[in-house]
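Report on one structure; see the data block that follows.
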2 protein chains.
Amino acid sequence: MKSVISVDIPQNPYDVVIAQDAIDHVGAWLSNHEQPLVKPGQKLLVVSNPVIFRHYGDRLVQSLESVGYQVSTCILPAGERYKTLRSIQKIHDAAYDAKLERKSAMVALGGGVIGDMTGFAAATWLRGIGVIQVPTSLLAMVDASIGGKTGVNHPQGKNLIGAFHQPKLVVIDPQVLKTLPPREFRAGMAEVIKYGVIWDAELFAALEQTDRLDQYRYVEGELLQMILTRSCQAKAEVVAQDEKESGLRAILNYGHTIGHAVESATGYRVVNHGEAVAIGMVAAGKLATALNLWSRDDDQRQYQLIEKTKLPTAIPSQAGAEALIALLQGDKKVEDGRVRFILPKAIADVFITDQVSNQDIRPVLAAMTTP
Amino acid sequence: MKSVISVDIPQNPYDVVIAQDAIDHVGAWLSNHEQPLVKPGQKLLVVSNPVIFRHYGDRLVQSLESVGYQVSTCILPAGERYKTLRSIQKIHDAAYDAKLERKSAMVALGGGVIGDMTGFAAATWLRGIGVIQVPTSLLAMVDASIGGKTGVNHPQGKNLIGAFHQPKLVVIDPQVLKTLPPREFRAGMAEVIKYGVIWDAELFAALEQTDRLDQYRYVEGELLQMILTRSCQAKAEVVAQDEKESGLRAILNYGHTIGHAVESATGYRVVNHGEAVAIGMVAAGKLATALNLWSRDDDQRQYQLIEKTKLPTAIPSQAGAEALIALLQGDKKVEDGRVRFILPKAIADVFITDQVSNQDIRPVLAAMTTP
């Protein structure tokens with residue numbers, strides 16, 4: 001099984017390749033083009049973290065060296081708290097030591113943190129060199145690796161520092177999800193459900209027909225290949241139409257507005273990103289239902305998918321409704337002081353609005369808060 | 001007198017406005033478009049250094065506030081040694097404190113260091129917000145402010161960290177050059193001479209017909225307006241054809257290959273950037289003459305312009321020929337291990353070559369070295 005999805009961003013088109021054992025073919029796919037994406041003989045800097053590199057580093061490096069690339073590595077500690085400018089400096093130091101040139105490239109082997117940082121380091125080295133994304137978490141596969149959003153956290157807020165920098169290639173090997181911790185697998189599935197709600201009714205229906213969505217072993221094989229392909233296809237279609245998030249792309253933030261506030265209000269220690277998105281989707285669904293924008297039935301269908309994935313559906317007790325509302329005002333998605341919400345109208349149909357008032361939000365948050 | 005030059009970069013076109021007292025009109029020009037470049041009422045962060053801000057800060061802020069912008073300021077210490085990621089963090093902190101949003105912008109008021117840093121901070125805040133360049137040195141006016149090269153230095157090398165980020169508007173007020181130290185004025189004139197050699201024979205001829213080029217007072221008024229306009233026009237035409245330096249844009253590095261090596265070999269303390277470019281142009285001219293690529297007469301004409309501007313024409317004794325050759329190999333412009341040179345064939349006609357050997361370079365450098 002092999003799927004190839006084109007991300008048709010004007011001037012920066014690229015492919016997402018999804019295939020079993022893809023890790024062993026990265027070198028071949030980089031070099032085997034009429035115009036190789038990176039010229040064989042060039043230098044590549046592989047950036048990863050210790051756990052991921054122990055699992056998959058040798059196979060990736062072997063695949064790259066076997067077609068003639070000069071490979072160096074930069075191993076950074078794992079975890080969101082290392083997603084800082086300090087880590088970018090470490091990647092830059094490694095780039096300097098490896099003598100990367102303008103036609104060299106970096107290869108991100110890891111989850112969203114590694115992907116975001118490597119992309120940003122590549123965007124800012126020699127005013128932009130190539131980057132290849134090899135995501136190893138479900139979240140990174142279906143979201144972060146595609147679309148060119150890169151960056152690090154500012155001491156005062158997540159992802160405030162960053163740039164748009166499209167990869168030259170995204171390579172997804174579904175089998176690496178076997179070693180992903182189950183909680184992280186479920187977190188990634190939250191984004192998959194999101195694509196069903198905002199874009200792809202067939203994906204939504206396929207998820208509904210599956211008994212369990214909470215572990216790799218229940219979906220591996222053809223179903224997982226389909227889930228990854230349709231999710232990446234959805235992301236690719238949206239970002240190709242709106243690379244820099246001036247309009248449509250904002251729908252990818254479905255569930256993220258309240259989700260970010262929940263993450264922030266609980267100090268990023270209680271729920272992870274995917275869990276926060278699940279809570280945010282539940283909140284957006286309830287808000288849309290309360291405003292008579294979508295049906296109670298569709299809201300229930302979304303809710304059941306989230307529950308079936310064993311994702312949280314309630315706001316943790318550490319986050320109060322008023323604190324969440326205050327945080328919403330400080331969100332990056334604020335424009336002219338108004339909070340933008342993505343709300344569903346039907347399965348695979350959402351819209352963007354800044355007409356939601358705090359009075360609308362308050363009862364929804366209150367009803368969802370764990371007593 | 002007012003000149004408006006269009007920089008026709010696909011998807012990011014913008015104007016360079018050159019006019020007396022332009023500083024007092026920045027607010028009006030930003031807001032007075034059918035589609036304002038920055039919406040009145042939005043937040044602007046002015047970044048400058050203490051000396052420049054004392055001279056021109058009040059006038060600029062007044063111009064911006066008078067049309068309704070909310071203005072904050074970030075004042076950084078002057079000097080190349082502050083062109084670091086640490087300063088970018090300070091601008092980011094100020095951006096956070098000022099609550100900049102995606103449609104806010106930064107305004108760079110200063111020379112090349114302020115312009116490069118503000119551009120890079122804007123490129124990397126919220127994945128890219130707008131920047132307006134108000135250059136106050138001749139070098140920044142004719143070179144750094146146009147074309148979107150932004151960045152900071154890495155501990156191991158200049159401008160290794162950076163991004164392409166085009167400004168929304170460049171505003172040039174020739175009268176601010178009155179307060180520019182004479183040595184910096186001459187340094188900027190080196191880049192003006194460069195445009196004559198690589199692109200604009202009429203500019204070259206006009207410079208030849210002027211008695212003195214080494215001080216503001218000899219050129220102020222119409223001649224200076226013409227010099228700025230033609231230089232900016234040349235830069236605009238080149239970068240519009242090749243935004244990311246994949247080809248033509250490299251000709252802007254005329255004089256810079258050996259120039260950078262001279263700056264580096266003398267620890268950036270003996271010659272400034274413009275002086276190094278002057279030395280580099282003399283070297284490129286001698287190299288082209290030795291290789292029978294251009295005439296001794298044209299070489300002499302270029303030499304006389306540089307001398308008339310009281311710019312250095314010899315390599316400082318601190319830099320040895322072998323050290324320079326070693327540094328050339330480490331230059332950012334190296335591709336596949338070969339040094340690229342820009343060499344002149346005639347006035348306003350240069351070409352790019354990687355066919356120059358160390359054997360060709362050595363005697364030229366030896367002949368130019370101060371004993």
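Because only heavy atoms are used, hydrogens play no part in the values below, and waters and symmetry mates are left out as well, while side chains stay in. Convention: sequence-line order gives letters A, B, ...; per-chain numbering from 1.
Interface residue A/Ala163: backbone and side-chain heavy atoms are both found under 4.5 Å from chain B. Neither the backbone nor the side chain of A/Lys43 comes within less than 4.5 Å of any heavy atom in chain B. Heavy atoms closer than 4.5 Å to chain A are found nowhere in B/Lys99, neither backbone nor side chain.
Within the model, atoms CD of B/Gln11 and CD of A/Glu243 stand 8.0 Å from one another, a figure rounded to the nearest 0.5 Å. With rounding to the nearest 0.5 Å, the separation of CG in A/Leu85 from OG1 in B/Thr124 is 7.5 Å. Rounded to the nearest 0.5 Å, atoms NE2 (A/His92) and CD (B/Gln156) are 13.5 Å apart.
Around CZ of A/Arg86, the count of heavy atoms belonging to other residues, nucleotides or ligands within 6.0 Å exceeds 12.
When each of A/Thr150, A/Ile161, A/Asn159 is tested with B/Arg127 by the rule side-chain contact (heavy atoms from CB on, under 4.5 Å), just one qualifies, namely A/Asn159.
Taking the six-membered ring for Trp and thresholds of 30 and 60 degrees, B/His154 and A/Tyr96 have nearly parallel ring planes, at less than 30 degrees apart.
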